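Structure first, then comments.
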Amino acid sequence: MLMRRILCGIIVLTFICVIGVTQSYAQKEVTYLSLADYTAAIAGLNVPADMGCEDYIKDLNSRGGVDGVKIKFIGVDTRYDVARGVSAYKRYRTEPKLLVANAIGTPIGKAVAPLATKDKIVQLVPGDGEFQANLGRIFAWGPTYQDAFAATVDWLLADWKKKGKTGMPKLGYISWDSAYGQEPLRGGKEYAEKMGVTLAPPEFFPAGSLDHTVYLSRLAKAEVNYIFVGGVDPTPTNVIRDAHKLGLTKTIQFFCDYWGPTSLGVRLHPEALEGTVIVSYYIRGDDARKHPLANLWTKYGRGKLEDMNEVYTIGMSWAMTFEAGLKIALKQVGYKKLDGEAIYQAYQKLTGVERAGLQGPCAYSPTSRRGSWEVRFYQVRGGKINSISGWIKAPDAVSLHKF
């Protein structure tokens, strides 16, 4: 009888110890939430981007995490739908130590912002200048969309002069009829006017449009010299494909923003895209595939390196930024007091943090919500995306617009 009691006591103590160890281990974890699109309009880029984020986090966790704290990555397919995005956030907002919610898409970012602010966590958005104009807990991935547009205006002016042209060029703009499609012009339009560049009436089309000839024909009639194309690949590829069919690429220089064309589009329509210039805040083409961290793509079974979409590097940059912020927050308050406020304060201290050259130095500060200031230009040549500039600090176009 005594032996049975002793044995039962040992079992109970062992059980208690196991529970204690398990709880202690579980407590050393924080949550990163991606309000993603894996099956709809921007899935072609968001899927590899979240792969990069998840793989870097896996690798970081395998090395012990950040000072012993591991990161739980949660990716939710919102299908680029605002209602689904808000619903997904509400579902996961109570996850233990949720510190960052990444809203993959401008419309979702704007809709979730009041909730994330109320919950006092950090929210990430693609490039909305509104959150730089009105400082809060919402941080952009890189330079804002209007800053990149302004940098493109500077580039085309230099190109115009280089070609020996007189007078001033005329610029066309075509993009989705959405919050994202409108954003580059909220400050970008003012910058173009400031620099003396005439902007033709912009053309907006519904996301998912298969033919863009009507919109392009109107820009051609406006006698533009350059056209800036928005949308997430394959949209920019398809717009320029249609322009090529109309013969416009022979006389008009086409530009794209951060989201196109990537290797996805270039492989499909190399001839049509030949000469297209891309403004980017992250490394592209072979610059991305030859980067040392690109080996995570093969390490975690994503396929051959030559098949890696370069936006994979964006995801790694998100994770590296979170890693740096988490390290600061843990040092400041420790794990037990770690919360959204701590990570918010930490993100404002990331000024100058490098992310292995995947993008420019971090520009977050008490007065900045830009993930970085720098952009660089790439051009499609011979079916590849080639670098044609180094890192260039983008102008501040946000301050020119009244939000």
Side-chain angles (χ1 to χ4, degrees), residues 23 26-43 45-47 49-54 57 69-141 176 178-183 207-208 232 314-315 318-319 321-322 325-326 329 333 335-348 364 369 371 403:
Q23 288 180 338
Q27 288 173 353
K28 292 288 185 177
E29 185 177 74
V30 296
T31 303
Y32 174 102
L33 174 63
S34 175
L35 300 172
D37 173 13
Y38 298 148
T39 55
I42 63 173
L45 299 194
N46 188 196
V47 169
D50 264 11
M51 285 178 177
C53 186
E54 186 176 18
I57 288 173
V69 177
K70 295 190 176 182
I71 302 168
K72 180 181 180 181
F73 175 89
I74 299 176
V76 185
D77 183 11
T78 70
R79 303 182 195 174
Y80 201 57
D81 180 81
V82 172
R84 289 178 182 274
V86 172
S87 177
Y89 179 77
K90 287 181 176 179
R91 178 182 177 185
Y92 290 100
R93 70 196 299 186
T94 57
E95 282 289 316
K97 291 197 181 290
L98 172 62
L99 301 181
V100 170
N102 193 354
I104 313 290
T106 299
I108 294 174
K110 292 180 185 294
V112 171
L115 297 172
T117 298
K118 182 179 179 180
D119 291 340
K120 296 184 178 180
I121 67 168
V122 163
Q123 183 190 326
L124 306 180
V125 291
D128 314 320
E130 174 181 336
F131 299 116
Q132 173 59 42
N134 303 308
L135 298 175
R137 295 175 177 273
I138 321 300
F139 294 76
W141 300 341
W176 283 342
S178 68
Y180 151 71
Q182 300 278 351
E183 191 67 25
V232 177
I314 294 179
W318 295 334
T321 305
F322 184 46
L326 181 56
V333 303
Y335 180 77
K336 288 185 178 180
K337 294 183 179 180
L338 184 63
D339 58 11
E341 179 62 25
I343 204 72
Y344 170 58
Q345 295 299 330
Y347 262 58
Q348 295 178 78
Y364 294 154
R369 299 297 178 264
F403 288 86

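Because only heavy atoms are used, hydrogens play no part in the values below, and waters and symmetry mates are left out as well, while side chains stay in. The first residue of the sequence shown is numbered 1, and numbering continues consecutively from there. All of these numbers come straight from a predicted model, not from anything done at the bench.
Contact annotation: the side chain of Asp339 never approaches that of Lys120 to less than 4.5 Å [non-hydrogen atoms, C-beta and beyond]. A 4.5 Å side-chain heavy-atom check between Ser34 and Val76 finds every atom pair outside the cut-off. Residues Leu338 and Leu99 have side chains in contact (heavy-atom distance under 4.5 Å, counting atoms from C-beta outward). Using a 4.5 Å heavy-atom threshold, the side chains of Arg369 and Ile138 count as separate. Counting heavy atoms from C-beta on, the side chains of Gln123 and Val125 come closer than 4.5 Å. Residues Leu33 and Glu95 have side chains not in contact (no heavy-atom distance under 4.5 Å, counting atoms from C-beta outward). For the pair Thr106 and Ile108, the minimum side-chain heavy-atom distance is 4.5 Å or more. Residues Leu326 and Val30 form a side-chain contact, since some pair of their non-hydrogen atoms from C-beta on lies under 4.5 Å apart.
Ring orientation note: the planes of Phe139 and Tyr364 are nearly perpendicular, at an angle over 60° on the 30°/60° scale.
Take Tyr32 and apply the ring-ring contact (aromatic ring centres under 6.0 Å, His included) test, not counting sequence neighbours, and it matches Phe73, Phe322. The ring-ring contact (aromatic ring centres under 6.0 Å, His included) test applied to Tyr89 returns no partner, not counting sequence neighbours. Residues satisfying the ring-ring contact (aromatic ring centres under 6.0 Å, His included) criterion with Trp141, sequence neighbours excluded, are Trp259, Trp318. Not a single side-chain hydrogen bond (donor to acceptor under 3.5 Å, both in side chains) links Arg79 to another residue, sequence neighbours left out. With sequence neighbours left out, Thr78 forms a side-chain hydrogen bond (donor to acceptor under 3.5 Å, both in side chains) with no residue at all. The ring-ring contact (aromatic ring centres under 6.0 Å, His included) check on Tyr92 picks up nothing, with sequence neighbours excluded.
Side-chain atoms of Asp77 never come within 3.5 Å of backbone atoms of Asp37 as a donor-acceptor pair (strictly under, hydrogens ignored).
Looking at every heavy atom in both residues, Ala140 comes nearest to Pro126 through CB-O, 4.2 Å. Of all heavy-atom pairs between Ala133 and Phe403, the closest is CB-CD1, 3.4 Å.
For the pair Arg137 and Tyr344, the cation-pi test (distance below 6.0 Å, angle within 45°) is passed. Remark: Lys110 is not positioned above the aromatic ring of Tyr180, lacking an NZ or CZ atom under 6.0 angstrom from the ring centre and at most 45 degrees off the axis.
From Asn134, atom CG reaches atom CG of Asp128 across 11.5 Å, with rounding to the nearest 0.5 Å.
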